[in-house]
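Reviewing the structure listed below.
Atoms within each ligand, like the ligands themselves, are counted from 1 in listed order. Treat the numbers as computed from the prediction; the structure is a model and nothing was measured.
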Amino acid sequence: MQIDIITCLPKLLESPFSDSILKRAQNKGLVKVNIHDLRDYSTNKQKSIDDYAFGGGAGMVMMIEPIDRCITFLKSKTEYDEVIYMSPDGELMGQSLANQLSLKKKLIILCGHYKGVDERVRQHLITKEISIGDYVLSGGELAAAVVADSIIRLLPGVLSDETSALSDSFQDGLIAPPVYSRPAEYKGWKVPDVLLSGHELKIMEWRTEKSLERTKERRPELLKNNC
Ligand code: SAH
């Protein structure tokens with residue numbers, strides 16, 4: 001898979017992809033993440049990428065030209081499945097969207113700033129808009145990293161145990177059961193006996209029961225969606 005992220009603040013995206021699982025995924029050649037500095041596509045001397053909003057009002061707007069030049073350049077080299085714009089009014093990110101996107105081969109993700117991008121970018125250059133929640137961030141970079149992370153960890157071979165992602169919350173419409181590790185007792189706080197029993201079937205049953213309990217308690221609407 002290839003993910004090309006367009007940003008005017010490339011530094012913000014350095015660390016999320018240079019550690020742990022996302023770094024290993026790239027080192028193993030399972031995903032290529034390219035960060036593109038939008039300012040490289042600006043045609044003026046100051047490398048500016050924003051300007052005042054027509055009609056006035058507070059806040060700058062990201063201009064269409066550098067964005068168009070960047071996307072056109074990327075598209076001249078390869079074909080993309082989706083050109084995504086991170087936006088608070090986009091489709092709400094969720095596990096099923098992460099699953100769908102993990103099946104794609106090539107994605108562009110555009111990060112906005114200021115008041116957002118010139119509307120014509122959204123009308124003519126973007127194929128999908130994604131929000132990570134009903135709140136407003138100062139830029140799309142953290143949101144793009146969240147979306148990319150949720151996709152990349154689903155790619156076959158990225159997690160050391162392939163089945164791990166399948167047992168995570170939301171994957172089967174339920175919240176994941178509680179997990180424990182050594183020591184079996186700490187300050188008198190014990191791990192449930194069944195997990196130490198070595199009885200696979202009982203452990204599975206216990207986990208399913210806890211998953212259901214937790215979902216009922218914390219996210220009852222997920223159970224309704226499942227019916
Ligand atoms: N004026 C816009 C907000 C712009 S915030 C509005 O009111 O809708 C600046 C940029 O941050 C956006 O262009 C977008 O790329 C990013 N952003 C902010 N909140 C986001 C969210 N919840 N999900 C995804 N991207 C977001």
Seminar exercise, completed: among protein heavy atoms, the one nearest atom 17 (N) of ligand 1 is P88 CD, 3.8 Å

Exercise. Just checking, is any N or O donor in the side chain of S87 or E129 under 3.5 Å from an acceptor N or O on the other one?
Worked result: no

Problem set entry | Pair Y41, D68: side-chain N/O donor-acceptor within cut-off below 3.5 Å | no

Problem set entry | Minimum non-hydrogen distance to atom 25 (N) of ligand 1, winning option of S87, A144, G116 | S87

Exercise. Hey, are Q95 and D168 close enough side-chain-wise for a donor-acceptor pair under 3.5 Å?
Worked result: no

Exercise. If we only count heavy atoms from C-beta on, is the I132 to V147 side-chain gap below 4.5 Å?
Worked result: yes

Exercise. Looking at S131, which atoms of ligand 1 are within less than 4.0 Å of one of its heavy atoms?
Worked result: 22 (N), 23 (N), 24 (C)

Exercise. Can you find a pair of side-chain heavy atoms, one from L12 and one from T7, that are under 4.5 Å apart?
Worked result: no

Problem set entry | 4.0 Å protein heavy-atom contact status of atom 19 (N) of ligand 1, strictly under | yes

Exercise. Do T78 and K106 have side-chain N/O donor and acceptor atoms under 3.5 Å apart?
Worked result: yes

For this session: Tell me which protein heavy atom sits closest to atom 11 (O) of ligand 1, plus the residue, atom name and distance to 0.1 Å.
Result: G139 C, 3.2 Å

For this session: Show which atoms of ligand 1 fall inside a sub-4.0 Å distance from at least one heavy-atom site of G133.
Result: 22 (N)

Exercise. Of all the atoms in ligand 1, which lie at a distance below 4.0 Å from a heavy atom belonging to Y85?
Worked result: 12 (C), 13 (O), 15 (O)

Exercise. Just wondering, do V33 and Q26 contact through their side chains at under 4.5 Å, heavy atoms?
Worked result: yes

For this session: Have a look at ligand 1 and work out which part of Y114, if any, has a heavy atom under 4.0 Å from it: side chain, backbone, both or neither.
Result: backbone

Problem set entry | Shortest protein heavy-atom distance from atom 15 (O) of ligand 1, along with the residue and atom involved | M86 O, 2.6 Å

For this session: Report, in ascending order of atom number, the atoms of ligand 1 lying under 4.0 Å from any heavy atom of G140.
Result: 11 (O), 15 (O), 16 (C)

Seminar exercise, completed: G112 heavy atoms within 4.0 Å reach ligand 1 at atoms 10 (C), 11 (O), 13 (O), 15 (O)

Seminar exercise, completed: A143 heavy atoms within 4.0 Å reach ligand 1 at atoms 24 (C), 25 (N)

For this session: Return the residue, atom name and 0.1 Å-rounded distance of the protein heavy atom closest to atom 23 (N) of ligand 1.
Result: I132 N, 3.1 Å

Exercise. Side chain or backbone of I130 under 4.0 Å from ligand 1, or both, or neither, by non-hydrogen atoms?
Worked result: backbone

Exercise. Got a sec, which residues hit side-chain contact (heavy atoms from CB on, under 4.5 Å) with M63, two or more places apart in sequence or on another chain?
Worked result: S48, D51, P66

Seminar exercise, completed: Nearest heavy atom to atom 3 (C) of ligand 1, choosing from V136, T7, V146, belongs to V136

